[in-house]
Student: 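I'd like to ask you about the structure that follows.
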2 protein chains.
Amino acid sequence: MAKPRHSRFDCAPGCSVEAAISLIDGKWKCVILFHLLEGTMRFNELRRRVPAVTQRTLTNQLRELEMDGLIVRKVYAEVPPKVEYSLSELGHSMVPVLNALKEWGDLNIGRFGKAPASAITA
Amino acid sequence: MAKPRHSRFDCAPGCSVEAAISLIDGKWKCVILFHLLEGTMRFNELRRRVPAVTQRTLTNQLRELEMDGLIVRKVYAEVPPKVEYSLSELGHSMVPVLNALKEWGDLNIGRFGKAPASAITA
DNA sequence: GCCTATAGTATCAAGAAGGATACCGTCATG
DNA sequence: CATGACGGTATCCTTCTTGATACTATAGGC
């Protein structure tokens, strides 16, 4: 584990963008973040909300998110395992980004969702 | 070629985010987009601005960006090949996203750039 | 005793992304 | 003539990411 993914921030300008992207680029990261916006959630709760992701992948994504400090993982030493995930302060600071992304997506999803391209010809 | 990357938009909500992300997730996409914000640019001009990327990769990223309708590729049938890249209308519509990303990155790059984590303990 | 839920881990395997390098044809320059 | 710039393409290779599947431990319900 402990993949050093965020190590080369050499591309001077626009680099911070790359850095930001690198934190949410995983196919599911942003989706997870979005669901977490609604509040603290347990592992299987997340699984149910994002059925398309496998357990292993979800675990991995959560771990990465945690390593990046975007979410907080709270383990309860109870008998049936209980783990809660929630957004960290840093995670919350990303809300505007998520929203910008969502707004853009909502506006434009029709384009590439239906037409492969050229829908912009307007 | 023609990789159908944007085909499963099944994750109901937050999905538009995923869609948006999918367009700029390539390691260099956002960087390219950023440079293109400054105006039309030729291939080697981009290369010089992003030296860390190889020719092949840059070509690929540009192709994908083009396929996604974010940029416009204009080929001049001149003797020394001349190709200009510029943001499309759709590409411009992404500016707020790029800016949100950049702002967040600028604010937080210090955290994970230096401290692996825990910088948020404050 | 058996099944289920919980939150994972382990193992195997496949595919995609990205990098390195070499090569293409043409033209202008030295 | 040799070299370099232009905008790529082709090939090979390695790494990362993701997926599928099976397995763990314990407790509660039937």
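Values below: all heavy atoms of this structure, side chains included; hydrogens, waters and symmetry mates excluded. Numbered from 1 within each chain, the chains take letters A, B, ... in sequence-line order.
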Student: Rounded to whole angstroms, how far apart are CE on M41(A) and P on dA7(C)?
Tutor: 13 Å
Student: In whole angstroms, how far is the P atom of dA20(D) from the CG atom of N60(A)?
Tutor: 14 Å
Student: Which sits closer to the 5' end of DNA chain D, Q61(A) or V75(B), going by the nucleotide each is nearest to?
Tutor: V75(B)
Student: Think R48(A) has a side-chain N or O under 4.0 angstrom from the OP1 or OP2 of dT6(C)?
Tutor: yes
Student: Check the pair L101(A) / I21(B) against side-chain contact (heavy atoms from CB on, under 4.5 Å), numbers first and verdict last.
Tutor: CA-CA 7 Å; L101(A) 237 15; I21(B) 280 280; 3.8 Å; yes
Student: Where do E66(A) and K74(A) land on the salt bridge (Lys or Arg N to Asp or Glu O under 4.0 Å) test, with the steps shown first?
Tutor: CA-CA 11 Å; E66(A) 192 199 355; K74(A) 195 170 181 182; over 6 Å; no
Student: Do N99(B) and V95(B) have side-chain heavy atoms sitting under 4.5 Å apart?
Tutor: yes
Student: Nearest whole Å is fine: how far is dA17(C) P from I21(B) CD1?
Tutor: 15 Å
Student: If we count only N and O atoms by modelled type, under 3.5 Å, do the side chains of T57(A) and W28(A) hold a donor and an acceptor together?
Tutor: no
Student: Could you check how far CD1 of I32(B) sits from P of dA17(C), rounded to whole Å?
Tutor: 14 Å
Student: NA contact type, Q55(A), heavy-atom cut-off 4.0 Å: base, sugar-phosphate, or nothing?
Tutor: base
Student: What integer distance in Å separates R63(B):CZ from dA10(D):C1'?
Tutor: 14 Å
Student: Might you work through the side-chain contact (heavy atoms from CB on, under 4.5 Å) test for F34(A) and L98(A), ending with a clear yes or no?
Tutor: CA-CA 8 Å; F34(A) 244 79; L98(A) 258 4; 3.6 Å; yes
Student: Rounded to the Å, how far apart are R47(A) CZ and dA5(C) P?
Tutor: 11 Å
Student: If you go through the side-chain atoms of R42(B), does one of them form a donor-acceptor pair with the base of dG7(D) closer than 3.5 Å?
Tutor: no
Student: Nearest whole Å is fine: how far is dG8(C) P from L58(A) CG?
Tutor: 9 Å
Student: Could you tell me the separation between the CH2 atom of W28(B) and the C1' atom of dG18(C), rounded to a whole number of Å?
Tutor: 10 Å
Student: Using a cut-off of strictly less than 4.0 Å, decide whether T57(A) has a side-chain nitrogen or oxygen near OP1 or OP2 of dG19(D).
Tutor: yes
Student: Base, sugar-phosphate or nothing for Y76(A)? Non-hydrogen atoms, less than 4.0 Å.
Tutor: nothing
Student: What nucleic acid atoms does P80(A) come within less than 4.0 Å of, heavy atoms only: base, sugar-phosphate, or nothing?
Tutor: nothing
Student: Over all strands shown, is T54(A) touching base, sugar-phosphate only, or nothing at heavy-atom distances under 4.0 angstrom?
Tutor: sugar-phosphate
Student: Taking the nucleotide of DNA chain D with the nearest heavy atom to each, does K82(B) or P81(A) sit closer to the 5' end?
Tutor: K82(B)
Student: I'd like to know if R56(A) reaches the base of dT9(C) with its side chain such that a donor and an acceptor end up less than 3.5 angstrom apart.
Tutor: no
